[in-house]
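Scroll down for the structure; my scribbles are underneath it.
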There are 2 protein chains.
Amino acid sequence: MHEPGTCQSCSQRFNSVFCKAKDEFVNQINEQKICNVYKKGQTLFNEGSYPFGVYCINDGKIKLSHQGDDGKEQIIRLLKAGDVLGYRALLSGDRYSASAVALEDTQVCFIPKDLFVSVLKMDPGLAFEMMKLLSDELHRAEIKLTHLAQKPIRERLAETLLFIKETYGFEQDGITLNVRLSREEIANLVGTATESAIRLLSEFKKDGMVELDGKKIKILKAKELIRAANLQD
Amino acid sequence: MHEPGTCQSCSQRFNSVFCKAKDEFVNQINEQKICNVYKKGQTLFNEGSYPFGVYCINDGKIKLSHQGDDGKEQIIRLLKAGDVLGYRALLSGDRYSASAVALEDTQVCFIPKDLFVSVLKMDPGLAFEMMKLLSDELHRAEIKLTHLAQKPIRERLAETLLFIKETYGFEQDGITLNVRLSREEIANLVGTATESAIRLLSEFKKDGMVELDGKKIKILKAKELIRAANLQD
DNA sequence: CGAATAACATGATAAAAATCATGTTTTCTG
DNA sequence: CAGAAAACATGATTTTTATCATGTTATTCG
């Protein structure tokens with residue numbers, strides 16, 4: 001991980017919600033941004049606290065999770081370089097409804113609330129991208145909601161593995177998922193008990209669909225996994 | 001239900017996402033809007049088709065639902081006068097991911113896509129309200145997602161009844177939910193089997209929390225229902 | 001390095017929820 | 001209005017999933 005440069009030359013600039021933002025505003029953001037590194041396991045913000053701005057991931061991985069009423073974690077989003085977080089609460093005028101924790105050492109730029117809001121008001125391009133982002137997230141949430149309500153855990157686990165693949169891709173070998181998640185985190189992504197996730201992962205392994213080596217998960221038969229996920233869309 | 005007037009004088013104007021929109025744009029919308037009445041059970045749009053604009057409910061009630069992979073309905077939103085629908089797909093540049101069906105005779109105004117988008121680009125007030133709306137919906141979806149993953153059906157049913165109350169309120173008597181939903185629809189809102197919803201409603205009745213008279217549901221003990229929903233937030 | 005702790009794994013059991021079956025009531029429709 | 005269809009209700013059964021228990025393997029940290 002190298003030092004962050006300017007927003008203008010940021011490798012993620014055209015890969016993020018800021019892709020359509022005017023140069024003039026990108027310059028303003030560059031001047032006021034505050035870059036920071038969060039070590040693996042560190043918290044960016046906590047559910048219940050007030051947002052003071054948005055975070056833009058330069059490099060690394062972050063999980064966003066809710067605390068269920070009984071204290072159980074539910075992971076609602078996985079974020080990577082180019083992703084922005086913290087906007088939901090800010091736009092709703094709410095406290096954070098989720099906590100953000102780094103899954104590995106992660107470099108993020110913080111953009112203060114007032115600046116973000118004022119740019120959003122002056123730059124329709126950014127505003128539109130923001131609406132698109134929100135709409136896409138809403139879509140994803142609604143699909144997940146339907147699957148949680150209707151699909152058995154085995155299918156949801158298969159789907160989750162494919163989702164992790166979509167989000168973080170593979171390592172150089174082309175088959176190992178490029179993120180390390182505990183079985184508990186996988187369970188909290190699927191929405192099930194940790195033991196159930198472990199058990200089904202073992203089944204997938206027995207069926208030859210995946211290979212397990214500690215937290216390294218290799219996808220051996222993506223097609224069968226897709227079948228196991230039973231996706232129509 | 002009376003004839004729709006102008007958007008300028010619409011009873012829902014300041015009750016909707018258009019509350020902050022400039023008069024100039026409201027006038028434009030008024031000129032191009034197309035009003036329509038949908039009978040109970042009629043479909044406004046279907047999952048999979050392309051959006052040509054957004055719908056603004058003047059009077060009535062609408063359900064938005066997904067089709068699960070196995071064909072089972074999942075109701076993702078309940079809408080009432082003042083609510084707008086169809087924007088998610090439009091902003092994502094997608095097809096509709098849900099179908100909209102009138103729960104009773106409903107009057108809606110249709111605003112063509114191009115007009116809506118162009119106003120959205122020129123009116124930051126409207127754009128901001130739209131972002132707030134999307135953020136709020138996203139929030140709701142994420143909470144529901146967590147509850148689907150973590151809470152037993154009994155709690156979710158209690159929560160659903162309270163949600164219906166929040167959305168549609170009571171009839172004049174102050175205790176009867178102001179909407180008629182079939183047991184199957186309630187189940188599809190809760191995310192459970194119809195029989196389970198029926199069974200638990202009977203339990204709630206036996207416990208004296210609700211009174212059932214066909215599709216009329218009376219909330220007798222709201223406090224106990226809140227307790228049964230086991231809400232921390 | 002080695003003890004302590006956390007994560008992983010798996011079997012046994014219990015609880016939750018879906019499905020199946022059947023009968024009743026309500027609603028729709030000719 | 002009567003017959004048909006749909007919705008509602010409830011018991012019995014099966015399936016799914018969570019929980020509990022216990023042992024093993026990794027990780028962390030002094």
Side-chain angles (χ1 to χ4, degrees), chain A residues 39-42 68-75 101 103-104 146-160 179-207 210-218 228 230, chain B residues 39-42 68-75 101 103-104 146-160 179-207 210-218 228 230:
Chain A
K39 290 269 166 200
K40 176 179 173 172
Q42 270 196 309
D69 289 345
D70 53 352
K72 192 178 177 197
E73 173 187 53
Q74 179 67 32
I75 300 181
V101 174
L103 290 171
E104 56 184 52
T146 302
H147 289 180
L148 271 167
Q150 303 188 352
K151 303 183 85 174
I153 293 181
R154 188 185 154 88
E155 294 182 14
R156 302 212 310 267
L157 174 63
E159 198 179 358
T160 297
V179 66
R180 299 297 138 87
L181 294 169
S182 68
R183 301 292 191 265
E184 188 178 6
E185 285 173 319
I186 291 173
N188 294 344
L189 214 35
V190 172
T192 187
T194 306
E195 295 96 320
S196 299
I198 291 174
R199 223 181 291 276
L200 285 165
L201 276 173
S202 300
E203 263 191 41
F204 284 1
K205 179 182 170 185
K206 209 176 292 170
D207 297 348
V210 304
E211 194 181 308
L212 303 173
D213 174 15
K215 290 193 176 54
K216 279 190 229 173
I217 297 177
K218 291 186 208 295
N230 188 29
Chain B
K39 290 266 164 202
K40 176 178 174 174
Q42 270 197 309
D69 290 346
D70 53 351
K72 192 179 178 198
E73 173 188 55
Q74 178 67 34
I75 300 181
V101 174
L103 290 171
E104 56 184 51
T146 302
H147 288 180
L148 271 166
Q150 303 189 351
K151 303 183 85 174
I153 292 181
R154 187 186 154 87
E155 293 182 16
R156 302 212 311 266
L157 174 62
E159 199 178 358
T160 297
V179 66
R180 298 296 137 87
L181 295 168
S182 69
R183 300 292 191 265
E184 188 179 5
E185 285 172 319
I186 291 173
N188 294 345
L189 214 35
V190 172
T192 187
T194 307
E195 295 96 320
S196 299
I198 291 174
R199 222 181 292 275
L200 285 165
L201 276 173
S202 299
E203 263 192 41
F204 284 1
K205 179 183 170 185
K206 208 176 293 169
D207 297 349
V210 303
E211 194 181 310
L212 304 173
D213 174 13
K215 289 192 175 56
K216 280 190 226 171
I217 297 177
K218 291 187 208 295
N230 188 28

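First the proteins, then the strands, lettered A, B, ... as listed; each starts at 1. None of these values were measured; they are calculated from a predicted model.
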Could you tell me if the side chain of [Y] sits less than 4.5 Å from the side chain of [X], heavy atoms only?
{"X": "A:K39", "Y": "A:E104", "result": "no"}
{"X": "B:F204", "Y": "B:L212", "result": "no"}
{"X": "B:L103", "Y": "B:R180", "result": "no"}
{"X": "B:D213", "Y": "B:K218", "result": "no"}
{"X": "A:Q150", "Y": "B:D70", "result": "yes"}
{"X": "A:I75", "Y": "A:E73", "result": "yes"}
{"X": "A:E211", "Y": "A:I217", "result": "no"}
{"X": "B:R199", "Y": "B:E195", "result": "yes"}

Tell me the interatomic distance from [X], atom [atom1], to [N], atom [atom2], rounded to whole angstroms.
{"X": "B:L201", "N": "D:dA7", "atom1": "CG", "atom2": "P", "answer": "16 Å"}
{"X": "B:D213", "N": "D:dA9", "atom1": "CG", "atom2": "P", "answer": "10 Å"}
{"X": "A:L212", "N": "C:dT10", "atom1": "CG", "atom2": "P", "answer": "9 Å"}
{"X": "A:I217", "N": "C:dC8", "atom1": "CD1", "atom2": "C1'", "answer": "12 Å"}
{"X": "B:K216", "N": "C:dT26", "atom1": "NZ", "atom2": "C1'", "answer": "14 Å"}
{"X": "B:E203", "N": "D:dA9", "atom1": "CD", "atom2": "P", "answer": "14 Å"}
{"X": "B:Q150", "N": "C:dA16", "atom1": "CD", "atom2": "P", "answer": "16 Å"}
{"X": "A:E155", "N": "C:dA18", "atom1": "CD", "atom2": "P", "answer": "15 Å"}

Worksheet item: More than 12 heavy atoms of other residues, nucleotides or ligands under 6.0 Å from NZ of B:K72: is that the case?
Response: yes
Item to complete: Nearest 0.5 Å please: distance from the CD1 atom of B:I153 over to the CG atom of B:L200.
Response: 7.0 Å
Discussion item. Quick one about B:Q74 and B:N188 (side-chain donor to acceptor, distance below 3.5 Å, no hydrogens or angles considered), yes or no?
Written reply: no
Taking N or O atoms only and anything under 3.5 Å, show me the protein contacts with nucleotides 1-6 of chain C, one pair per line.
none

Practice prompt. Give the B/S/- string for nucleotides 12-30 of chain D, one per nucleotide from 5' to 3', where a protein heavy atom under 4.0 Å of the base yields B, of only the sugar-phosphate yields S, and otherwise -.
Written response: B----SSBB----------
Worksheet item: Axis-to-axis angle across the helix from C:dC1-D:dG30 to C:dG30-D:dC1, five pairs an end, to 10 degrees?
Response: 50°
Item to complete: Classify the nucleic acid contact of B:S202 as base, sugar-phosphate or nothing, counting any heavy atom under 4.0 Å across all strands shown.
Response: sugar-phosphate
